[in-house]
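Residue numbers run from 1 in the order of the sequence given. In listed order, ligands and their atoms are each counted from 1.
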Amino acid sequence: MAALDGSQEPYPVSGDDSTAIIDSLPDALLVLSENGTVMLMNRAAERMFGYQRGELVGQDHRIILAGGYRMGVRRLFRALLRDGPEYGYSSPFDAFGLRKDGTEFKGEVACALLDTAAGLCMSVSVRATQHRETPDDGLREAMSLLSATLESTADGILVVDTDGQIAGVNEQFVSMWGIPRDLLATHDDDAVIGFVLGLLEDPQGFLDKVLDLYAHPLAESNDILKFIDGRTFERYSRPQKVADKMVGRVWSFRDVTPRLTAQDQAKRAMADLAEQAAQLKALAFQDPLTGLANRKLFHDQLAEALRSDRAVSVDVLLLDLDDFKEVNDILGHHAGDEMLTEVARRLRSCVRPDDTVARLGGDEFVVLLTASPEPDAVAERIVASLNVPMWIDGTMLRPSLSLGLASVSQETVEGSELLRQADVAMYAAKAAGKNRYMRFEPDMMTALVQRTDMEAGLRTAVENSEIFVHYQPVISPALGEVVQFEALARWKQDGEMVPPAQFIPTAERSGLISSVGMQVMRHSFTELKPWLAADATRSVAVNVSGVQLKDCRFADTVLRLAASCSTDPRQLVLEVTESVFFDPDAHVISQLSVLRDAGVRVALDDFGTGYSSLGRLQELPVDAVKIDRSFVSMVRTGAEKLPILNSMINMAHSLGLTVTAEGIETGPQASYLTNLNCDSLQGYLFSHPEPESGLELALLRSADAIDELRGVRLEG
Ligand code: C2E
Ligand code: MG
Ligand code: MG
């Protein structure tokens, strides 16, 4: 190499005039080393390219080649080397040169191998041919277009010759792969490949593909390259042919990272959307308070269950909490919500995971059992499970429920029919005393029809003033006489007495209760008139339903009726149950206030049976309490200790209320309550309720009973 550095006698020709001869050649002559470095150039070359010798010698020869022609000379060099030194020359070919001033010119190039002391070189002669007008200008233009196209494409292009050497790359390739300029300038293909492999997740896969394509030179391929830094390239490769001869392979690379990222994002967005849709769908079928299925889902599931195998049993358990309205009214809606949530939890724990438990609304729930071996046992379990006390806001509550059970049979094929049967059975459970389950029986339908008949009958009875009254005496043990009559509504349908427990709820539901109540009051004022007139301390007690109190004219109507019948309002006691005090409707309390101001007294009926505690008694605008029969019935021999009765009476007395005990049937009960200082007693022991015509009899029987009691007490 030292001999070729241009500083000494460089020409590898013999003879003294060789330098002068070479310099005098009209054609440009250059000698290139194997790696393409200009080793020597003559004067004509200086003139042709516009470079001084010192500027070009030692540089890569490609700076004097126009774009599109830069790889050609090296490729030729390798071809000549392959053919061997003895045949080492090329035919002349056209190329475009690039002058120092940037202008291009057309030249004819011929190359030959040159064996020097420093190794094999290549001599290149160039003859400017611009003077020749050739049709190849079109080709030159095409080359220029191609070159511009290659540089402007967004894809990275790499051309490799048949020996696996890099024949060319575009700018995009270099920047996409981030190949350092200086590394590229070394033309050390192995180093470039090493750099490229270092970027990839699977360098071996990359190499395998390359080797595979060399084994199949005509094959095309398309695959994906994953980068360690997260990028993804699409790799496309096809053979490069010139006139059907394979001269290399073109690789094109496209950075598809943004596209894949966008696809990923779109996929994720779709997944999010699907999840949200699923959540919305779940919400559409869920009861928001309890998380149970809602009415819609229940109906869907029921329809589904009835559609499938007819051999499989389907049972519907419809249930309704007893007196739930009172929980809401007395303890507030928050407590009501908590109770419903707890009930939902208990219901779920009574059934199998696949069974449907739904809340239909309010305090109404439904359970759907499919292929259950023991629907009655489930119903029993539910009733028992709900009876276990629960604590809500510091108050112990014992929820109870009425449950109707209906099962699919040959006759029932419709879901709506099954639900109706369960509803009828539930109604029967309520009528039978609540806190129980009942299985649907066909004759319950008859009962339903009867109820409907009852309403129609009652309406007619009210219109025809057929409601009449029985009076039950209330006695004062201290005075030993009857001090009050309780007026109890009576109605006969088709000659049969209908118990108030049946027709009063019907009257309340239908709104007929106001008329019933007024008819009872009118009868009482007129029929008891002589008895009341005889002693101003005597009174009549009339039951009033909460529905009546909602009417803001109620107080006025009562007082006007009393006035028209010449009854002193102070001789009237109105019996209400505690639930009327928790009606959010402000009318109710104001009606009672007006009446109390006029001298009417208010008694709290059935005391002790509601959700209200003893402690709340002081808040209620009442003058008297009537202890419910269920407490009185706890007295059997009279020897038992019943602190609850004691507490009730003491509490009421301490609040200045008088106390009546209802349902006194036995002497021991009468004595027991008298000993607890109960102010008055009422019950069959003294007299059953009697019509007006039986008032004398009722008074006589009561007197007898009082005498008997006194005798017992005297004897005792
Ligand atoms: P209540 O106001 O608690 O009336 C007492 C009920 O207990 C009456 O039943 C009475 O006959 C019954 N009874 C009295 N002493 C005894 C006894 O020693 N043993 C037993 N086992 N029972 C006894 P009745 O007449 O069937 O009335 C039932 C309920 O119907 C009444 O309970 C009341 O809540 C309602 N009711 C009756 N008449 C009217 C009315 O005119 N208006 C309204 N709103 N409700 C009424
Ligand atoms: Mg009563
Ligand atoms: Mg009562």
*Asks:* Does Arg439 come within less than 4.0 Å of Asp376, counting only side-chain N to carboxylate O?
*Replies:*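 Salt bridge flag = yes for Asp376 with Arg439.
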*Asks:* Would you mind naming the N, O or S atom of Glu575 nearest to the Mg ion (ligand 2)?
*Replies:*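 This turns out to be OE1.
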*Asks:* At a non-hydrogen distance cut-off of under 4.0 Å, which region of Arg490 contacts ligand 1 (side chain, backbone, both, or neither)?
*Replies:*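 Looking at Arg490 and ligand 1, just side chain atoms fall under 4.0 Å.
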*Asks:* What protein heavy atom is closest to atom 11 (O) of ligand 1, reported as residue, atom name and distance in Å?
*Replies:*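 Closest protein heavy atom to atom 11 (O) of ligand 1: Pro689 CG, 3.5 Å.
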*Asks:* With a cut-off of 4.0 Å, which atoms of ligand 1 are near a heavy atom of Asp606?
*Replies:*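 Heavy-atom distances to Asp606 below 4.0 Å select 3 (O).
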*Asks:* Please check if the number of heavy atoms outside Glu463 that lie under 6.0 Å from its CD is greater than 12.
*Replies:*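 More than 12 heavy atoms, drawn from other residues, nucleotides or ligands, come within 6.0 Å of this atom.
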*Asks:* Decide yes or no for Arg436 and Leu403: does some side-chain heavy atom of the first lie under 4.5 Å from some side-chain heavy atom of the second?
*Replies:*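 Arg436 does not reach Leu403 side chain to side chain.
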*Asks:* Minimum heavy-atom separation for Cys678 and Pro477, please, with both atom names.
*Replies:*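 Scanning both residues, the minimum pair turns out to be O-CG, 3.9 Å.
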*Asks:* Name of the Asp605 N, O or S atom nearest the Mg ion (ligand 2)?
*Replies:*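 Among the N, O or S atoms of Asp605, the one closest to the Mg ion (ligand 2) is OD2.
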*Asks:* Are Glu455 and Arg459 within salt-bridge range, i.e. N to O under 4.0 Å?
*Replies:*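 So Glu455 pairs with Arg459 through a salt bridge.
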*Asks:* Looking at atom 21 (N) of ligand 1, would you say a protein heavy atom lies below 4.0 Å from it?
*Replies:*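 Yes, because at least one protein heavy atom sits under 4.0 Å from atom 21 (N) of ligand 1.
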*Asks:* Taking NZ, NE, NH1 and NH2 as the nitrogens, is one of them in Glu364 or Arg359 under 4.0 Å from a carboxylate oxygen of the other?
*Replies:*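 Salt bridge flag = no for Arg359 with Glu364.
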*Asks:* With heavy atoms under 4.0 Å as the rule, classify the contact between Arg629 and ligand 1 as side chain, backbone, both or neither.
*Replies:*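 Within the 4.0 Å criterion, Arg629 contacts ligand 1 through side-chain atoms alone.
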*Asks:* Would you mind running through ligand 1 and noting each atom that sits below 4.0 Å from a heavy atom of Glu665?
*Replies:*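 Under 4.0 Å from Glu665, ligand 1 has these atoms: 17 (C), 18 (O), 19 (N), 20 (C), 21 (N).
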*Asks:* Which ligand 1 atoms, with their elements, are less than 4.0 angstrom from a heavy-atom of Gly663?
*Replies:*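 Those of ligand 1 that fall under 4.0 Å from Gly663 are 16 (C), 17 (C), 18 (O).
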*Asks:* Check the surroundings of atom CZ in Arg636: do more than 12 heavy atoms from other residues, nucleotides or ligands lie under 6.0 Å from it?
*Replies:*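 It does not: Arg636 CZ has 12 such atoms or fewer within range.
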*Asks:* Looking only at distances, can you tell me whether any N or O atom of Gln682, backbone or side chain, sits closer than 3.5 Å to an N or O atom of ligand 1?
*Replies:*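 In fact, backbone or side chain, Gln682 has no N or O that close.
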*Asks:* As an exercise, identify every atom of ligand 1 less than 4.0 angstrom from a heavy atom of Ser545.
*Replies:*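 Numbered from 1, ligand 1 contributes 44 (N).
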*Asks:* Among all protein heavy atoms, pick out the one at the shortest distance from atom 16 (C) of ligand 1; state its residue, atom name and that distance to 0.1 Å.
*Replies:*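 Protein heavy atom with the smallest distance to atom 16 (C) of ligand 1: Tyr684 CE2, 3.3 Å.
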*Asks:* Provide the closest heavy-atom pair for Gly517 versus Gln548 in the form atom of the first, atom of the second, distance.
*Replies:*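 The pair with the smallest heavy-atom distance is CA-NE2, 3.6 Å.
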*Asks:* Would you mind checking which non-hydrogen protein atom is closest to atom 28 (C) of ligand 1, with the distance to 0.1 Å?
*Replies:*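 Answer, as residue, atom name and distance: Pro500 CB, 4.1 Å.
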*Asks:* What do you reckon, does Pro499 put a non-hydrogen atom under 4.0 Å from ligand 1?
*Replies:*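 Judged by the 4.0 Å heavy-atom criterion, Pro499 does not count as contacting ligand 1.
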*Asks:* Have a look at ligand 1 and work out which part of Val516, if any, has a heavy atom under 4.0 Å from it: side chain, backbone, both or neither.
*Replies:*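 Neither part.
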*Asks:* Less than 6.0 Å separating the ring centroids of Phe468 and His470?
*Replies:*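 Between Phe468 and His470, the centre distance is under 6.0 Å.
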*Asks:* How about Leu369 and Val351: do any of their side-chain heavy atoms sit closer than 4.5 Å?
*Replies:*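 Yes; the side chains approach each other to less than 4.5 Å.
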*Asks:* Under 4.0 Å between a side-chain nitrogen and a carboxylate oxygen: does that hold for Lys325 and Asp363?
*Replies:*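 Salt bridge flag = no for Asp363 with Lys325.
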*Asks:* Looking only at protein heavy atoms, which one is nearest to atom 15 (N) of ligand 1, and how far off is it?
*Replies:*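 Answer for atom 15 (N) of ligand 1: Gln472 NE2, 2.9 Å.
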*Asks:* If you measure from each non-hydrogen atom of Ile664 to ligand 1, which part falls under 4.0 Å: side chain, backbone, both or neither?
*Replies:*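 Under 4.0 Å from ligand 1, Ile664 contributes backbone atoms alone.
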*Asks:* Check whether more than 12 heavy atoms from other residues, nucleotides or ligands sit under 6.0 Å from atom CD of Glu696, and answer yes or no.
*Replies:*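 At most 12 heavy atoms, drawn from other residues, nucleotides or ligands, come within 6.0 Å of this atom.
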*Asks:* Kindly identify the option in Leu574, Val547, Asn543 whose heavy atom sits closest to atom 45 (N) of ligand 1.
*Replies:*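 Looking at heavy atoms only, the winner is Asn543.
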*Asks:* Give the contacting part of Val520 toward ligand 1: side chain, backbone, both or neither, where contact means a heavy-atom distance below 4.0 Å.
*Replies:*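 Within the 4.0 Å criterion, Val520 contacts ligand 1 through side-chain atoms alone.
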*Asks:* Pick whichever of Leu488, Val469, Val474 has a heavy atom sitting closest to atom 4 (O) of ligand 1.
*Replies:*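 When every heavy atom of Leu488, Val469, Val474 is considered, Leu488 comes closest to atom 4 (O) of ligand 1.
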*Asks:* Distance below 4.0 Å between atom 7 (O) of ligand 1 and any protein heavy atom?
*Replies:*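 Within 4.0 Å of atom 7 (O) of ligand 1, protein heavy atoms are found.
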*Asks:* Tell me whether ligand 1 is touched by Gly517 - counting only heavy atoms on the residue side and a distance under 4.0 Å.
*Replies:*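 The answer is no, since Gly517 has no heavy atom less than 4.0 Å from ligand 1.
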*Asks:* Report the nearest protein non-hydrogen atom to atom 1 (P) of ligand 1: residue, atom name, distance rounded to 0.1 Å.
*Replies:*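 Scanning the protein heavy atoms, the shortest distance from atom 1 (P) of ligand 1 goes to Asp605 OD2, 3.7 Å.
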*Asks:* Quick check: are there more than 12 heavy atoms from other residues, nucleotides or ligands sitting under 6.0 Å from CZ of Arg522?
*Replies:*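 Count not over threshold, so no.
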*Asks:* Please say which of Glu527, Glu690, His523 ends up in a side chain to side chain donor-acceptor pair (under 3.5 Å) with Tyr471.
*Replies:*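 The passing option is Glu527.
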*Asks:* Only one of Gln682, Gln484, His688, Glu486 clears side chain to side chain donor-acceptor pair (under 3.5 Å) with Gln472; which?
*Replies:*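 Passing option: Gln682.
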*Asks:* Any idea which N/O/S atom from Glu486 gets closest to the Mg ion (ligand 2)?
*Replies:*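 Nearest to the Mg ion (ligand 2) within Glu486's N, O and S set: OE2.
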*Asks:* Looking only at distances, please establish whether an N/O atom of ligand 1 is found under 3.5 Å from an N/O atom of Ala489.
*Replies:*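 Checking ligand 1 against Ala489, an N or O pair does fall under 3.5 Å apart.
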*Asks:* Taking non-hydrogen atoms only, is His470 closer than 4.0 angstrom to ligand 1 via side chain, backbone, both or neither?
*Replies:*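 None of His470 does.
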*Asks:* Before moving on, can you tell me the angle at the Mg ion (ligand 3) between the OE2 atom of Glu662 and the OD1 atom of Asp606, to the nearest 10 degrees?
*Replies:*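 Value returned, to the nearest 10°, is 150°.
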*Asks:* Please report which non-hydrogen protein atom sits nearest to atom 3 (O) of ligand 1, along with the residue it belongs to and the distance in Å to one decimal place.
*Replies:*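 Atom 3 (O) of ligand 1 sits closest to the protein heavy atom Glu662 OE2, 2.9 Å.
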*Asks:* Report the nearest protein non-hydrogen atom to atom 36 (N) of ligand 1: residue, atom name, distance rounded to 0.1 Å.
*Replies:*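 Of every protein heavy atom, Ile504 CG1, 4.1 Å lies nearest to atom 36 (N) of ligand 1.
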*Asks:* Identify whether the distance between the nearest side-chain nitrogen and carboxylate oxygen of Asp322 and Lys434 falls below 4.0 Å.
*Replies:*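 Salt bridge absent between Asp322 and Lys434.
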*Asks:* Determine, for Asp606 against Arg629, whether the closest basic-nitrogen to carboxylate-oxygen distance falls under 4.0 angstrom.
*Replies:*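 The answer is no: the pair does not qualify as a salt bridge.
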